[in-house]
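Remember, it's 1-based here, ligands and their atoms both numbered in the order they're listed. Keep in mind it's a predicted model, so treat the numbers as computed, not measured. All values below come from the heavy atoms of this structure, side chains included, with hydrogens, waters and symmetry mates left out.
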Amino acid sequence: MHIGIAGAGVLGRLLAWRLSRAGHRVAVYDPAAGPLARGAAGWTAAGMLSPSAELECADLQVFQDGLDSIGQWSDIVAALPGAPDFDCHGSLLLAHRGDGGAARRLVDLIERKAPEGHRPQPLAPAALARLEPDIHGPSLAWFLPHEGAINPLQLMPALHAGALGVDWHWQQPVDEVGGGFLAVGGERHAFDHVFDARGLGQRPADGPAQGCADVRGVRGEIFLVRAPDVRLSRPVRLLHPRHRVYIVPRRDHHFVIGATEIESEDRSPVSLRSTVELLAAAHSVLPGLAEARLVHADTNLRPALRDNLPLIEHAAGLTRINGLFRHGWMIAPAMTARAIHQAGISLSLSGASAA
Ligand SMILES: Cc1cc2nc3c(=O)[nH]c(=O)nc-3n(C[C@H](O)[C@H](O)[C@H](O)COP(=O)(O)OP(=O)(O)OC[C@H]3O[C@@H](n4cnc5c(N)ncnc54)[C@H](O)[C@@H]3O)c2cc1C
């Protein structure tokens with residue numbers, strides 16, 4: 001089939017990769033300057049794959065998609081160029097003694113929502129010290145064994161490079177998406193099927209919006225630091241009454257520290273307040289970060305729908321996907337596979353195996 005995709009974020013790239021591997025002819029349009037231009041939210045993300053912890057603000061479908069996607073990521077990264085990182089050693093929830101009440105409420109919420117086997121497992125201090133010897137300070141800890149992380153900075157280019165034969169149209173915003181066509185620069189391009197993966201770009205310029213088009217941006221600020229003396233093997237979240245702070249280890253002693261969640265579409269640089277609060281909170285559990293060097297700070301907008309849940313909408317010749325909010329990387333493999341299947345498009349043409 002000849003398939004058009006509007007948007008080259010994680011969704012657009014993963015759709016293009018899956019469909020091109022299965023032998024379809026694919027064209028992707030995006031306003032970004034090129035495959036490495038960091039406009040899409042996916043470039044800023046920490047890459048945590050944490051279905052249980054995300055139950056804080058998600059439902060069981062998101063949980064299940066997250067779990068399925070972790071299995072799929074392991075196959076996808078193995079098939080991509082450059083061997084992108086994928087770790088699945090579990091994650092930790094941590095809290096300081098004074099914040100125990102708020103932390104227990106959150107852990108209770110996850111326990112009530114998570115299926116058996118995926119609930120937070122309390123960790124005694126000695127067990128925490130064995131798992132992560134450089135963590136000091138928090139007196140409460142829980143282990144979530146099925147969680148992991150990928151590195152979006154490696155995966156965004158790898159998904160582009162691995163989607164062989166795809167026609168990428170950079171600096172070409174789509175003006176209109178309809179059943180079987182994309183309108184670009186005043187010209188209509190016809191396709192057998194189109195996918196709308198424009199994130200915030202799905203919102204109409206004026207007038208009321210519904211479904212996938214009723215999207216808003218939720219500001220997130222994040223830091224990349226380098227600390228050669230700090231050891232951390234898995235993502236950790238500090239449960240704090242005011243902030244959700246996480247630290248995600250990356251290759252070569254790098255650590256991602258994030259992230260704010262602010263109801264604003266402000267894309268301006270990271271604020272002083274967020275810097276002070278996030279970095280101080282991270283340092284309070286990993287004191288070795290005191291000598292870390294700040295490598296990069298970034299801001300982006302998470303595409304979120306009214307209920308903060310993801311949505312797939314189908315019409316003749318058209319599939320829209322949106323609302324991946326704060327877990328886009330975590331659920332994109334399952335969401336794209338389901339969207340393609342529901343659109344009636346085969347992923348096993350030419351005998352290619354779909355990951
Ligand atoms: C600070 C931060 C931390 C995060 N951490 C995590 C995490 O740890 N784990 C996780 O799973 N998720 C995380 N996320 C969420 C994740 O990054 C997003 O859910 C995901 O990137 C959304 O992807 P998308 O492809 O739907 O949308 P987007 O990334 O918004 O991509 C939309 C694409 O459409 C393009 N576009 C816009 N308008 C048009 C147009 N008119 N025509 C054509 N193309 C257009 C844009 O240029 C863009 O490339 C985080 C996000 C942020 C901001």
- [ ] Please confirm whether G47 comes under 4.0 Å of ligand 1, counting heavy atoms of the residue only.
- [x] yes

TODO: Check whether any heavy atom of G39 sits under 4.0 Å from an atom of ligand 1.
DONE: no

With backbone taken as N, CA, C and O and side chain as the heavy atoms from C-beta onward, which portion of [X] lies under 4.0 Å from ligand 1: side chain, backbone, both, or neither?
X	result
A41	both
Y29	backbone
Y246	side chain

Distance-only N or O hit between ligand 1 and [X], under 3.5 Å:
X	answer
I222	no
G12	no
G328	yes
A6	no

Need the ligand 1 atom indices (1-based, order shown) with element for anything under 4.0 Å from a heavy-atom of [X].
X	answer
A197	32 (C), 33 (C), 34 (O)
L324	19 (O)
L11	25 (O), 26 (O)
A40	29 (O), 31 (O), 48 (C), 49 (O)
R302	1 (C), 2 (C), 51 (C), 52 (C), 53 (C)
G220	1 (C)
F325	15 (C), 16 (C), 18 (C), 19 (O)
V10	20 (C), 21 (O), 23 (O), 25 (O)

Open item on the list: Please determine whether a side-chain nitrogen of the Lys or Arg among R326 and E54 lies less than 4.0 Å from a carboxylate oxygen of the Asp or Glu.
Closed with: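 Yes, R326 and E54 are salt-bridged.
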
Pair up each side-chain donor or acceptor in residues 276-289 with any protein partner under 3.5 Å, not counting sequence neighbours, and list the distances.
from: E277; atom 1: OE1; to: H243; atom 2: ND1; distance (Å): 3.4
from: E277; atom 1: OE2; to: R273; atom 2: NE; distance (Å): 3.4
from: S284; atom 1: OG; to: H96; atom 2: NE2; distance (Å): 2.9
from: S284; atom 1: OG; to: A281; atom 2: O; distance (Å): 2.6

Open item on the list: Given A46, G217, G66, P235, identify the one with the heavy atom nearest to atom 5 (N) of ligand 1.
Closed with: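 Considering heavy atoms of A46, G217, G66, P235, the nearest to atom 5 (N) of ligand 1 sits in A46.
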
